[in-house]
Number of protein chains: 2
Amino acid sequence: MFELDVRSRKPIYEQLVERLKELIITEVLTADEQLPSVRTLAQQLTINPNTIQKAYRELESQGYIYSIKGKGSFVSEATPSRNSEKIDKVRNELSKLLSEALYLGITKNELYKLIQEIEAAIGGGIEDDQNP
Amino acid sequence: MFELDVRSRKPIYEQLVERLKELIITEVLTADEQLPSVRTLAQQLTINPNTIQKAYRELESQGYIYSIKGKGSFVSEATPSRNSEKIDKVRNELSKLLSEALYLGITKNELYKLIQEIEAAIGGGIEDDQNP
DNA sequence: TAACTGTACTAGTAATCATAGTACAATTCA
DNA sequence: TGAATTGTACTATGATTACTAGTACAGTTA
């Protein structure tokens, strides 16, 4: 379920956050589904529980999961945070990356196609009012 | 010209890379234009010359600038690298970010609009074959 | 030659990361 | 109730990386 590269320069906990976020966004993990406990997952991945906890804490602060002491950690509802601060941040990063993509020669059409594909993969849970 | 936040967790050299990349992509800095020397810029920003050098080295490895010993550092031609490896990387990051954006409720239309705006800002140097 | 340019190298400090160990509170279930 | 599980909070330690500082060298220019 998780492919970790302990030799990567990218911290393990970040890899975990990315991977879990991906599973949540693509709805492989669905709302209120229970995640493995920090100890269980740590044992499975043969890494320290503290590392798992750090990843879970990060995901919780970003609104992707919620944790209840004594019960466990669970996937949040879709579009959990609706945090405008977070949306602004994503929009900002997106601007930079799109600029770079266009600069490198990736065409607009390619970008449109990419968006379509991703939307299809997510499952179209978010309806749009009109196609361009 | 450069607004640096030395108190940010983001390294200074990364801030420099981002800012310079932005200026190059938006053609505020044009091809073959000379950049300030590592020492001059270091003095202006009251930071260590090595930090500037690190940023310049990074930009050079990404194909945005080129440096000549004894002469200086200069902006590269547009679409410099055409490095397919780099394009793949950007495409990958873009996928992740677009997924997150859609998940957070940013609509397709908004994304299309964003692409249009960015293209306009860049100056439309890269022509596209057709609008969607 | 003198003053500039980029570049390379070492060294020291600071920050981050992963781990280990312990402890505590809340929940679950036999 | 009691045992096992859950999340959470600490401290401490070793390893690695990031950043800064200083010095030196090579090429270019006037």
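These numbers come from a predicted model, not from an experiment. FYI, side chains are in, hydrogens and waters are out, and symmetry mates aren't considered; it's all heavy atoms of this structure. Each chain gets a letter, A, B and so on, in the order the sequences are listed, and its residues count up from 1.
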Could you tell me whether the side chain of B:Val75 reaches within less than 4.5 Å of the side chain of B:Leu23, counting heavy atoms only?
no
Nucleotide N/O of nucleotides 10-16 of chain C paired with protein N/O under 3.5 Å:
none

Which part of the nucleic acid, if any, lies within contact of B:Arg57, taking any heavy atom under 4.0 Å across all strands shown: a base, the sugar-phosphate backbone alone, or nothing?
nothing
Whole Å only: how far is the CD1 atom of B:Ile65 from the P atom of C:dT5?
15 Å
Mind checking whether A:Ile12 and A:Tyr56 sit in one hydrophobic cluster, side chains of I, L, V, M, F, W, Y counted as touching below 4.5 Å?
yes
Would you say A:Tyr13 and A:Asn50 are linked by a side-chain donor-acceptor pair, where the criterion is simply a distance under 3.5 Å?
no
Specify whether B:Tyr64 and A:Tyr103 have parallel, tilted or perpendicular ring planes, treating 30° as the upper limit for parallel and 60° as the lower limit for perpendicular.
parallel
Gap between atoms NZ and C1', on B:Lys71 and D:dG27 respectively (whole Å)
11 Å
So, does A:Ser67 get its side chain near the phosphate of D:dG7, meaning an N or O under 4.0 Å from OP1 or OP2?
no
How do A:Arg39 and B:Leu35 order along DNA chain C: which one's closest nucleotide is nearer the 5' end?
B:Leu35
Counting only side-chain heavy atoms from C-beta out, which of C:dA20, D:dT6, C:dA8 sits nearest to B:Gln53?
C:dA8
Grab the CD1-P distance between B:Ile47 and D:dA18 for me, whole Å please.
17 Å
Atom-pair distance (CG on B:Asn48; P on D:dA18), nearest Å:
17 Å
For a quick check of understanding: with a heavy-atom distance under 4.0 Å over all strands, which category does B:Gln34 fall into, base, sugar-phosphate or nothing?
nothing
Can you check the B:Glu60 CD to C:dT5 C1' distance for me, whole Å?
13 Å
Is the shortest heavy-atom distance from the side chain of B:Leu16 to the side chain of B:Leu45 under 4.5 Å?
yes
Residue whose nearest DNA chain C nucleotide is more 5′ - B:Gly72 or A:Gly70
B:Gly72
Could you give the CZ-to-C1' distance, from A:Arg7 to D:dT16, as a whole number of Å?
16 Å
In whole angstrom, what separates A:Lys10's NZ from C:dC17's P?
12 Å
For B:Arg91, give me all partners under salt bridge (Lys or Arg N to Asp or Glu O under 4.0 Å), at least two apart in sequence or on another chain.
A:Glu110, B:Asp88
Check the phosphate of D:dT6 against A:Ser73, side-chain N and O only, distance under 4.0 Å to OP1 or OP2. Yes or no?
no
Can you tell which of D:dT8, C:dT7, C:dA18 lies closest to the side chain of A:Lys69?
D:dT8
Checking all strands, does B:Thr40 fall into the base, sugar-phosphate, or nothing category for heavy-atom contacts under 4.0 angstrom?
sugar-phosphate
CG of B:Leu16 versus P of D:dA18: gap in Å, rounded?
17 Å
Does A:Lys96 pair with A:Glu93 as a salt bridge, N-O distance under 4.0 Å?
no
Between A:Gln34 and A:Lys71, is there a side-chain donor-acceptor contact under 3.5 Å, judged purely by atom types and distance?
no
Would you indicate, yes or no, if C:dT5 has its OP1 or OP2 atom less than 4.0 angstrom from a side-chain nitrogen or oxygen of B:Ser37?
yes
Would you mind classifying the nucleic acid contact of B:Ile68 as base, sugar-phosphate or nothing, using non-hydrogen atoms under 4.0 angstrom?
sugar-phosphate
